[in-house]
Structures are given as structure tokens and as C-alpha cells.
Amino acid sequence: ELLKVLSHSISKSVLLTTYTREDKGVRSLSLAGHVGFDSLPDQLVNKSICQGFCFNILCIGETGIGKSTLMDTLFNTNFENFESSHFEPQVKLRAQTYDLQESNVRLRLTVVNTVGFGDQMNKQESYQPVVDYIDRQFESYLQEELKIKRSLHNYHDSRVHACLYFISPSGHSLKSLDLVTMKKLDSKVNIIPVIAKADTISKSELHKFKIKIMSELVSNGVQIYQFPLDDETVAKVNTTMNGHLPFAVVGSTEEVAVGNKMVKARQYPWGVVQVENENHCDFVKLREMLICVNMEDLREQTHTRHYELYRRCKLEELGFKDTDSECKPVSLQQTYEAKRQEFLVELQKREDEMRQMFVQRVKDKEAELKEAERELQSRFEQLKRLHAEEKAALEEKKRLLDDDLSSFGKRKAAAQLLQAQSLTANGKKDKDRKK
Amino acid sequence: STAFVQWVGEKTPISDTSYVGIDAILEQMRRKAMKQGFEFNVMVVGQSGLGKSTLMNTLFKSKVSRKSVQPNVEERIPKTVEIKSVSHDVEEKGVRMKLTVIDTPGFGDQINNENCWQPIMKFINDQYESYLQEEININRKKRIPDSRVHCCIYFIPPTGHCLRPLDVEFMRHLSKVVNIVPVIAKADTLTLEERDSFKKTIREELRANGIDVYPQKEFDEDAEDRMINDKIREMTPFAVVGSDQEYQVNGKRILGRKTKWGTIEVENIAHCEFAYLRDLLIRTHMQNIKDITCSIHYETYRVRRLNESNILFTSNPPDHPAVQPKANGQPEEQPATPQPNGVAAQHEALSHEM
């Protein structure tokens with residue numbers, strides 16, 4: 001059967017060659033009038049509007065660095081936030097999903113925050129829960145993709161599309177935790193580093209800080225997300241923005257009056273830091289890049305690069321290959337079936353083993369019970385013997401007693417006789433005296 | 001109107017005038033689509049002489065048909081059904097499309113046409129197979145080339161009576177694996193009354209034979225969809241006339257067929273239904289046609305194919321009885337563990353051993 005399938009697929013590939021040979025040269029044709037397929041992008045967009053979009057952001061940063069506030073500010077909403085304690089024993093991740101809508105676009109946004117990142121004394125394993133979370137989402141998608149009956153267009157895609165890494169505004173350099181974490185994540189997710197609470201750094205310090213950070217990232221080989229340059233419409237703005245990384249952001253959902261407008265800002269005794277003022281911070285740039293210009297590219301990179309890498313590694317780990325040792329194409333299906341067969345044989349072996357063990361146990365138990373029975377029987381015999389002995393002893397005693405009784409009876413009778421005789425003799429004596 | 005972020009729920013936006021920019025994703029999608037370009041693969045099936053090539057050329061306002069590509073090849077009727085595809089890169093207002101027209105010369109032209117649908121079915125399944133093979137590779141291409149047949153236009157000869165056995169056979173088999181758009185060819189030989197009665201008969205016969213042509217009722221997504229598609233279903237099959245000749249009518253140059261009794265204007269809906277077909281196929285439903293192929297017909301093929309492989313391997317050992325495929329070749333479940341009766345039998349055996 002296997003050979004039949006193999007030869008069938010080989011013959012297929014020959015046939016396919018015949019089909020395509022006809023159109024080896026794809027010609028460019030000019031149209032003599034308006035056909036109407038220029039509406040295709042609109043048709044595609046309409047379909048997406050009906051389906052809705054999905055976007056998942058992961059925020060990594062120390063407790064209190066302003067992750068939740070920034071998300072609130074970016075999306076102009078109060079997400080359910082709670083202050084985390086600084087005493088978490090391990091880094092955890094908290095994911096929350098919201099349905100947002102802007103004009104006719106529906107977005108299912110998932111915000112994932114790290115909890116307790118950077119709080120532990122020993123931060124060696126801090127990155128692991130993050131890596132695990134990202135991998136779990138890839139795994140979940142892979143499982144769905146490999147299912148026989150699958151529904152990918154209905155599937156709620158939870159893969160992380162963008163990772164905002166919050167850098168502490170120390171003004172000096174990156175922490176080793178930052179470098180280690182980003183290095184572990186750069187092949188799994190699009191990393192966009194941001195400098196948090198940027199209103200604590202002066203402009204000149206900020207400039208030096210940014211340069212230091214970027215050079216440290218380069219020298220450590222950390223691949224952060226580059227805004228794409230292949231589309232001329234956005235290449236220019238993306239190139240400029242790439243030069244402003246990492247974005248120095250300030251988040252605030254409180255509004256302060258500036259002039260005759262209410263703006264999102266942070267009010268200090270010495271002045272007001274306006275979130276959407278590009279002279280004050282890079283918040284607008286971040287929003288522009290993350291949402292308005294490159295959201296779709298972030299999603300696409302996640303799917304075509306990071307997910308594909310995960311999938312390739314995972315399948316290779318499981319022993320699948322595209323070509324076998326002789327470089328002949330091996331179908332995923334064949335390898336999968338071979339492994340499945342292996343697994344079923346293993347399962348059968350274990351079942352047999354378990355059955356053997358069960359039978360043995362039953363035998364042992366039976367022997368045990370028999371032994372107990374035998375013991376009981378011998379004890380019974382012993383008791384019976386004891387009882388017979390005692391009975392015999394008692395019988396003997398009874399016999400002796402009977403003997404005693406009968407001899408006593410005899411002696412009593414003899415004594416009475418004697419007594420009677422002596423009375424008669426005494427009577428005779430009295431008579432004699434009286435005479 | 002100011003765009004602001006609303007919530008499905010109880011939250012209120014922080015600021016009524018703040019703009020987030022979520023709706024900019026539509027523009028991003030459009031940009032990406034324009035850059036990538038589109039693919040469309042359409043197959044034409046029908047006896048020779050029904051005007052298939054002309055109709056394709058009329059639809060795409062260009063010489064897309066195979067005959068136009070090879071004008072010097074002698075026209076001969078092949079002895080079996082052949083499958084010949086030709087691809088073209090076309091562009092309109094910045095939208096690029098790779099259009100592939102698949103011709104099926106020899107269909108219905110033999111004396112014995114039994115099973116002439118089979119090579120066509122095989123070709124369609126072969127495209128699904130090739131896509132599946134690409135999809136299950138470890139190292140996959142960034143964009144898997146899509147050669148799957150998105151739409152099959154079936155040409156019904158304008159007899160005016162009813163469908164022929166060949167038509168029924170073909171559509172019955174193929175409507176399960178591909179989107180079929182039936183058209184009445186060379187409809188300029190039918191009067192309007194004859195045409196309406198013919199269409200009604202055809203629709204009834206399709207219904208009687210359980211043939212679902214595009215747009216299939218079961219794939220309507222919502223009420224709005226159903227309303228639009230019901231209108232189309234009431235007009236199926238479209239009565240078309242094709243032409244690549246232009247004539248002057250009322251001062252305008254239009255596509256038509258000039259006869260002694262008048263000029264048939266191809267794009268005039270009073271004359272024939274070409275415009276409706278063009279709108280359906282190209283201007284409004286092209287994306288939907290591709291989506292149905294991708295998420296339904298291809299998935300159906302994939303399910304069947306993957307289940308077949310399972311059956312091959314579970315036919316031995318004897319403890320694991322194979323699942324028999326259902327009559328339509330699409331088994332519902334896959335045997336993953338021993339069947340319940342197998343396990344029970346083993347328990348019985350155990351008790352005997354004791």
C-alpha cells in the first residue's frame with residue numbers, strides 16, 4: 001500500500017510538469033478596456049472588515065515601569081489594570097483580550113503583561129516564562145494547522161505580533177537582564193524597545209542614551225524589529241523612524257488644560273509633559289509606527305518568519321524531514337505515519353506488559369489466600385486436638401471423682417453400720433447394768 | 001466624523017477627540033495586496049464551438065484564451081479530454097493579477113462521452129494535491145503558488161429544452177470539488193421567453209439532481225450575503241454572448257455581434273446577461289470565489305486525503321479495525337485508539353486466564 005501511495009505521488013509530479021510546461025512564459029497582456037478586477041483590493045478589505053482583525057501585544061518590563069499606563073494611552077482606554085506587588089517569586093504573564101472598534105474596523109486586541117519581571121533576587125530564569133508563553137501560542141496555532149478538520153479562518157490567533165520591551169530610564173546603558181531577555185526573544189517575536197518614563201531624562205542625556213542602547217544591541221547581536229523599507233509609500237517615514245529607535249515614551253491618561261485644549265499630560269510643579277507633543281517624547285511616533293503604519297507588517301512577519309521558524313524547528317525536533325538520507329523527497333505524511341505506527345506498536349507492547357503484570361498479581365494473590373486458608377485449617381486442627389485432650393482429662397477427673405464418691409459412699413455405709421451396731425451393743429450393756 | 005475608539009462592553013473612551021489609528025490597517029492591507037498582486041485561475045468547460053475562447057477574451061478584454069496564444073495551431077478535436085492552461089499577467093489601475101485560463105478541449109466532443117469529466121476532476125484534485133504537498137513541507141515557501149481552480153465556467157448549449165445527461169453528470173460530480181458557474185452559451189439564438197423558460201427548467205433540474213452551483217446556499221455568511229446571492233441564484237444560469245469585435249452603435253463603440261437583423265450588444269443587459277456574469281466573476285465576487293475554494297473545497301480535499309492515509313496504516317494490526325470511508329468518500333473520524341469492542345474482548349480473555 002505504501003508503495004502504491006509513493007508511486008502515485010511520483011507520477012503526480014510528472015503530470016504536474018506536463019501541465020505547467022504550456023505556460024512557462026507568463027505573458028503580460030494589456031487590456032482593451034475596463035475589466036473591473038481593480039476592485040479586488042476592496043473586495044479583500046471588505047472581507048477583512050467582516051471578519052475583524054486580531055492584534056496581540058506583549059509588554060515586558062519591570063514592575064511599575066509604566067506598561068499598563070502606556071497601553072491605556074496608546075489605545076485611549078482604561079484596560080483592567082491592577083498594581084502588582086514586588087514580591088512575586090516568579091515571573092508570570094497576564095493576558096487580557098478586548099474587543100475594540102474604530103469606525104468600521106473591529107479589532108480583537110490582546111495585551112499581555114509580565115508580572116514581577118525584574119523583582120526576583122535571582123533573575124537567571126526570568127526570561128523563561130516569556131519564551132514559554134510565546135512558544136505556547138505558536139504551538140497552539142501549529143496544532144490547529146495540523147488538525148485534519150481545521151478552521152483556520154475562524155481561529156483566534158493568539159500569537160504575539162509585537163513585543164514592547166520597556167527599558168529603565170537609567171540614562172546609562174542596558175541592564176544585563178535586558179540584553180539576555182531580548183537575545184532570547186529576538187528570533188521569536190518582533191521586538192520594539194522603548195525607553196519608559198522618558199520624562200525623567202534630559203534631552204541631551206536621552207540622545208546619548210539612545211546611541212548607547214542601539215550600539216549595545218548591535219554588539220550583542222540582538223535583532224530588533226526594523227520598520228520595513230520595501231514599500232515606497234512608507235519607506236521614507238519608516239527609515240526616519242528606524243533612526244529614532246528606541247522610542248522614548250511617556251504615558252498618561254489624565255488630561256491637563258494646555259492653552260484652550262485638554263491634552264493627555266503629566267503635570268509637575270515645574271511644567272507639563274504633554275504625551276502627544278513630539279518635542280516632549282516619542283509617543284506619537286510609537287503610535288504611528290506600531291498601529292497606523294506597520295500593524296499589518298508586524299502580523300505578517302510573525303506569521304511568515306517567526307512562526308515558520310518555530311514550526312520548522314518543532315517538526316525537525318520530532319524527526320520530520322523534507323528529504324531523507326538519499327535526498328529523495330519524504331512526505332510529512334509518510335514520516336508521520338511511520339511514527340504513528342511506532343507509537344501504536346509501543347502502545348500494544350505496554351498493554352501486553354500490563355496484562356502480564358495483572359495476571360501475575362492475580363496469581364500471587366491467590367497463592368496468598370491459599371496459604372492463609374491452610375494456616376487457618378491447621379489452627380483449627382490444633383484447637384480441635386486441644387479440646388479433645390481437655391475433654392479426655394476431664395473425663396478422667398470425672399471418673400476419679402466417681403470413684404471417690406463411690407468409695408466414700410461405701411465408707412459411709414460401713415460407718416453407719418458400725419454406728420448402728422455399737423448402739424445395739426450399748427443398749428445391751430445398759431440392760432445388763434440395770435439388772 | 002471624528003474617529004474614536006469604542007468599546008464592545010461598558011467602557012467609555014478616555015478622550016473623545018483622540019485618534020488611535022486602528023482603521024489605518026485597512027490601508028495597510030490594501031497596500032500589501034497591491035504589492036503582492038492577485039492570482040485567479042478559471043477553467044472553461046464545454047463542447048467545442050460554444051464560444052468559450054471568445055467569452056474569455058470578452059470577459060478580460062484581452063486575448064487570454066489558448067487559441068489566441070497559439071493562433072497557428074491547427075484546430076483539431078483531440079481524441080480525449082486534454083487540459084491546457086495559459087497564464088497572463090494583467091494590470092488595471094495598479095492592481096496586478098496573474099490570470100490563468102484552463103481550457104479543456106475534447107470535452108463532450110467524442111462519440112462516447114462517458115466519464116469525460118474524469119480527467120477534469122483529476123486535474124482539479126491534482127492542483128489541490130500539489131498545494132497540500134507544499135503546505136506540509138518543513139521548509140515552506142513564503143507564498144505557496146496557487147494553481148487551484150477557483151472557478152469552472154460550464155457552457156450549456158442553447159438547445160432551449162433541458163440539460164443533457166452529459167451536463168448533469170459533469171455538474172453533479174464537479175460541483176462537489178469546485179465552484180461551478182453554468183452559463184448558456186451563444187444565447188443570441190434564444191428569444192427572451194425561450195431563455196427564461198430554459199433557465200427555469202435548468203434550475204429545476206439542478207435542484208432535482210442536488211447540484212449546488214456557485215453561489216452555494218450553504219456558504220452564505222449572513223442575511224446580507226443571502227439576500228445578494230439569492231438574487232444571483234434566481235438568474236442562474238446566465239445567458240451570455242461573447243464578442244471581441246467593436247461596432248459603432250449610437251455614436252459609441254461597443255462590443256457586439258453584427259447580424260443582418262441587428263447588432264447584439266454584449267454589455268447591454270437588455271440583450272444578454274454578460275454584464276451580470278462579468279460583475280459576479282470579477283467585480284464583486286472574485287475574492288469570495290477564491291475564499292470558498294480555499295477554505296471549503298481545498299479543506300474538504302485535505303480532510304479526505306489525510307484520512308485516506310490513516311486508513312492505509314490502520315488496516316493492520318487486527319486489534320485496530322479500519323474505519324470504512326462513508327459512501328461519499330469522506331470519513332468523519334479517524335481511529336486513534338482501539339475500538340471499544342476490542343477492549344471488551346480483551347477483558348474477557350483476562351478473566352478466562354484467571
Side-chain angles (χ1 to χ4, degrees), chain A residues 1 5 12 15-16 19 22-23 26-33 35-41 43-45 47-48 53 75-78 99-103 105 107 148-149 153 231 233 253 255 264 287 291-292 295-296 304 308 312 315-316 320-322 332-333 337 340-341 355 358-359 362, chain B residues 3 5-8 11 13-15 18 20-26 28-35 38 60-64 83-90 92-93 95 97-98 126 129-130 136-140 142 278 282-283 286-287 291 295 303 306-307 309 312-313 334 350 353-354:
Chain A
E1 288 286 7
V5 171
K12 269 200 225 308
L15 260 167
L16 284 170
Y19 292 143
E22 283 253 359
D23 82 320
V26 177
R27 341 175 304 157
S28 267
L29 278 188
S30 54
L31 307 171
V35 176
F37 62 83
D38 58 336
S39 67
L40 266 175
Q43 292 181 39
L44 189 63
V45 161
K47 176 183 95 161
S48 301
F53 296 87
F75 291 99
N76 194 27
T77 171
N78 282 314
D99 281 331
L100 308 180
Q101 185 167 341
E102 190 166 61
S103 56
V105 178
L107 182 74
I148 293 195
K149 260 198 171 152
H153 53 282
D231 184 345
T233 344
T253 52
E255 295 198 317
K264 291 202 200 78
R287 184 177 61 198
I291 302 174
C292 305
M295 194 191 264
E296 182 58 31
T304 56
E308 282 299 307
R312 195 162 49 239
L315 292 177
E316 277 172 3
F320 293 101
K321 297 189 290 280
D322 277 336
L332 191 75
Q333 210 48 37
E337 283 313 324
R340 188 157 177 277
Q341 200 53 13
R355 194 189 314 179
F358 180 69
V359 167
V362 165
Chain B
V5 192
Q6 283 171 279
W7 287 264
V8 180
K11 297 193 191 59
I14 293 171
S15 155
S18 198
V20 177
I22 296 175
D23 57 0
I25 196 172
L26 297 180
Q28 296 171 36
M29 282 205 84
R30 192 171 277 126
R31 254 194 297 121
K32 181 174 98 167
M34 300 278 282
K35 185 153 159 286
F38 296 85
F60 291 100
K61 297 252 165 77
S62 170
K63 302 248 182 269
V64 297
I83 315 273
K84 298 224 158 95
S85 44
V86 180
S87 292
H88 311 271
D89 278 333
V90 289
E92 192 168 61
K93 298 217 177 101
V95 178
M97 183 164 80
K98 178 170 171 222
D126 282 348
E129 181 66 29
S130 118
I136 60 181
N137 266 343
I138 310 284
N139 284 302
R140 304 199 279 204
K142 197 163 179 184
R278 177 204 55 208
I282 301 175
R283 295 187 184 177
M286 191 184 258
Q287 185 60 44
D291 291 339
S295 48
V303 168
L306 295 182
N307 275 334
S309 307
L312 271 176
F313 283 94
Q334 31 159 354
L350 270 174
E353 276 177 64
M354 283 175 63

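Below, chains carry the letters A, B, ... as their sequence lines are ordered, and counting in each starts from 1. All of these numbers come straight from a predicted model, not from anything done at the bench.
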**Asked** Who wins among D231(A), V45(A), L107(A), L40(A) for the most heavy-atom pairs under 4.5 Å with chain B?
**Response** L40(A)
**Request:** Nearest 0.5 Å please: distance from the CZ atom of F53(A) over to the CG atom of D23(B).
**Result:** 10.0 Å
**Complete:** Nearest heavy-atom contact between V35(A) and E92(B) is N-OE2, 2.7 Å
**Item:** Nearest heavy atoms of C292(A) and A24(B), plus distance in Å
**Value:** O-CB, 3.3 Å
**Message:** If I take atom CG from residue D291(B) and atom CG from residue L44(A), how far apart are they, to the nearest 0.5 angstrom?
**Reply:** 8.0 Å
**Asked** In terms of heavy-atom proximity below 4.5 Å to chain A, should F60(B) be classed as side chain, backbone, both, or neither?
**Response** both
**Asked** What are the two closest heavy atoms between Q28(B) and M295(A), and how far apart are they?
**Response** OE1-N, 2.9 Å
**Asked** In Å, rounded to the nearest 0.5 Å, how long is the span from NZ of K47(A) to CD of Q287(B)?
**Response** 5.0 Å
**Item:** Minimum-distance pair of heavy atoms, taken over all atoms of I282(B) and G36(A)
**Value:** CG2-C, 3.7 Å
**Prompt:** By a 4.5 Å heavy-atom criterion (distance strictly below it), what part of M34(B) contacts chain A: side chain, backbone, both, or neither?
**Reply:** side chain
**Asked** At a heavy-atom separation under 4.5 Å, does F37(A) approach chain B through its side chain, its backbone, both, or neither?
**Response** both
**Distance, nearest 0.5 Å, that separates CD1 of I22(B) from CD1 of I291(A)** = 6.5 Å
**Request:** Select one option (side chain, backbone, both, neither) describing which atoms of L31(A) are under 4.5 Å from chain B's heavy atoms.
**Result:** both
**Straight-line distance of K61(B) NZ to S30(A) OG, nearest 0.5 Å** = 13.0 Å
**Request:** Using salt bridge (Lys or Arg N to Asp or Glu O under 4.0 Å) as the criterion, point out the one residue from K93(B), R30(B), R283(B) that pairs with D38(A).
**Result:** K93(B)
**Item:** Minimum heavy-atom distance V20(B)-E102(A), with the two atoms named
**Value:** N-OE2, 3.2 Å
**Message:** Measuring from atom CZ of R312(A) to atom CG of N139(B), what distance do you get when rounded to the nearest 0.5 angstrom?
**Reply:** 5.0 Å
